[in-house]
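To start, the structure itself, in structure tokens.
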Amino acid sequence: KINSSDGSLERIILKGQNKSSVEIYLYGATVTSWKSGGRERLFLSSQAKLDGSKAIRGGIPLVFPQFGPGELPQHGFARTRKWEFLDAFEHGESMVAQFRLTENEETLASKWPYKFILNYTVDLTATTLSTIIKYENTDTREFSFTSLMHTYFRVPDISSTVVRGLEGSLYANKITGADNVAEDRENVMIAENEDRVYINVPDTVSIKYGKEQVSVRRFNFEDVVLWNPWAEKAAEMSDFGDNEFKNMICVEPGTVSNRISLRPGQVISCGQLLAVNDVLA
Ligand code: TA6
């Protein structure tokens with residue numbers, strides 16, 4: 001546990017086998033680094049704010065209780081709240097860290113005024129990283145939400161990066177406004193600003209670059225958002241370097257096309273399992 005002396009944000013670092021590590025800021029419980037085999041697998045912008053002034057640009061920001069724009073600030077409040085650090089421990093092959101977020105006066109006064117508990121578990125092994133949120137309704141009323149893990153993957157060159165596993169699903173294109181577009185490509189590549197919500201995607205999506213790949217398995221999350229700002233949108237973001245779009249791709253597991261509803265006392269766990277060089281069947 002690193003209580004940084006320069007007043008920047010507290011963070012937790014787990015170290016595992018095979019030169020693996022994961023770093024999590026208590027701010028937003030944002031994973032900012034995942035190394036496997038000694039190599040960084042996530043993208044963190046060189047311009048990312050790490051002082052709590054805004055959501056961290058990169059790693060795995062947690063989107064809850066609202067994906068996108070709406071009654072709450074964009075992507076909801078979870079990624080800009082300070083989460084409670086619960087524990088870090090070894091468990092078999094895994095190094096595990098756990099965090100918690102509940103309602104506060106601010107959220108109770110917001111347009112989403114419910115009592116809830118989010119328990120977030122980050123689990124690191126030599127070749128995998130899993131991030132799972134257990135969502136609990138501790139209110140007396142039923143509530144619903146959308147939620148997503150806004151994962152930024154680091155790639156050597158977006159122009160030679162291939163996303164597989166989306167074939168056969170439908171997507172909403174947020175740039176053109178087209179809806180229910182059928183994805184018929186086995187290999188999806190990005191050569192411009194893309195912002196797509198793929199719905200009911202088959203289990204595993206993989207990101208292939210050069211000889212390596214990272215697979216993205218989902219657990220109780222229906223959808224996958226694919227995003228790259230490209231040059232024009234990158235230039236509009238103060239916390240994103242102008243050419244960094246070439247070294248990142250967002251493949252974001254979540255449930256955003258439908259809402260997740262929980263009755264009082266009800267619990268659901270959702271998340272992602274990332275695996276390096278996982279040779280898909
Ligand atoms: O990743 C999909 C998306 O909803 C894009 O539309 C873009 O807005 C991106 O999230 C980043 O949002 P942010 O609020 O973090 O700048």
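Whatever order the structure lists ligands and atoms in, that order sets their numbers, starting from 1. Everything numeric in this text was worked out from a predicted model, so none of it was measured.
Distances below 4.0 Å separate heavy atoms of Phe67 from the following atoms of ligand 1: 4 (O).
Contact analysis puts His75 in contact with ligand 1, with a non-hydrogen atom separation below 4.0 angstrom. Ligand 1 is never approached by Lys233 to a heavy-atom distance shorter than 4.0 Å.
Nearest non-hydrogen protein atom to atom 8 (O) of ligand 1 is Gln74 NE2, 3.2 Å. Protein heavy atom in closest approach to atom 9 (C) of ligand 1: His150 NE2, 3.6 Å. For atom 16 (O) of ligand 1, the closest non-hydrogen atom of the protein is Arg57 NH2, 3.0 Å. The protein atom (non-hydrogen) at minimum distance from atom 6 (O) of ligand 1 is Asp195 OD2, 2.5 Å.
When heavy-atom distances to ligand 1 are checked against a 4.0 Å cut-off, Arg79 comes that close only through its side chain, counted from C-beta outward. Contacts with ligand 1 closer than 4.0 Å are made by no heavy atom of Met237, backbone or side chain. For Glu252, every heavy-atom contact with ligand 1 shorter than 4.0 Å involves the side chain, none the backbone.
The pair Glu106-Arg81 fails the salt-bridge criterion, with no side-chain N (NZ, NE, NH1 or NH2) lying under 4.0 Å from an Asp/Glu carboxylate O.
At least one side-chain heavy atom of Leu124 sits under 4.5 Å from a side-chain heavy atom of Trp34.
At a cut-off of 3.5 Å, with distance as the only test, a side-chain donor of Glu23 or Thr32 sits close to an acceptor on the other residue.
Screening Thr131, Ile60, Leu129 for a side chain to side chain contact (heavy atoms under 4.5 Å, CB included) with Val22, the sole residue that qualifies is Leu129. Residue Phe221 is tested with Met149, Gln272, Glu252 for a side chain to side chain contact (heavy atoms under 4.5 Å, CB included); the sole match is Met149.
In summary, the aromatic rings of Tyr135 and Phe143 are positioned with their centroids too far apart to meet the 6.0 Å limit.
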* Check the pair Asn18 / Ser20 against side chain to side chain donor-acceptor pair (under 3.5 Å), numbers first and verdict last. => CA-CA 5 Å; Asn18 178 34; Ser20 63; over 6 Å; no
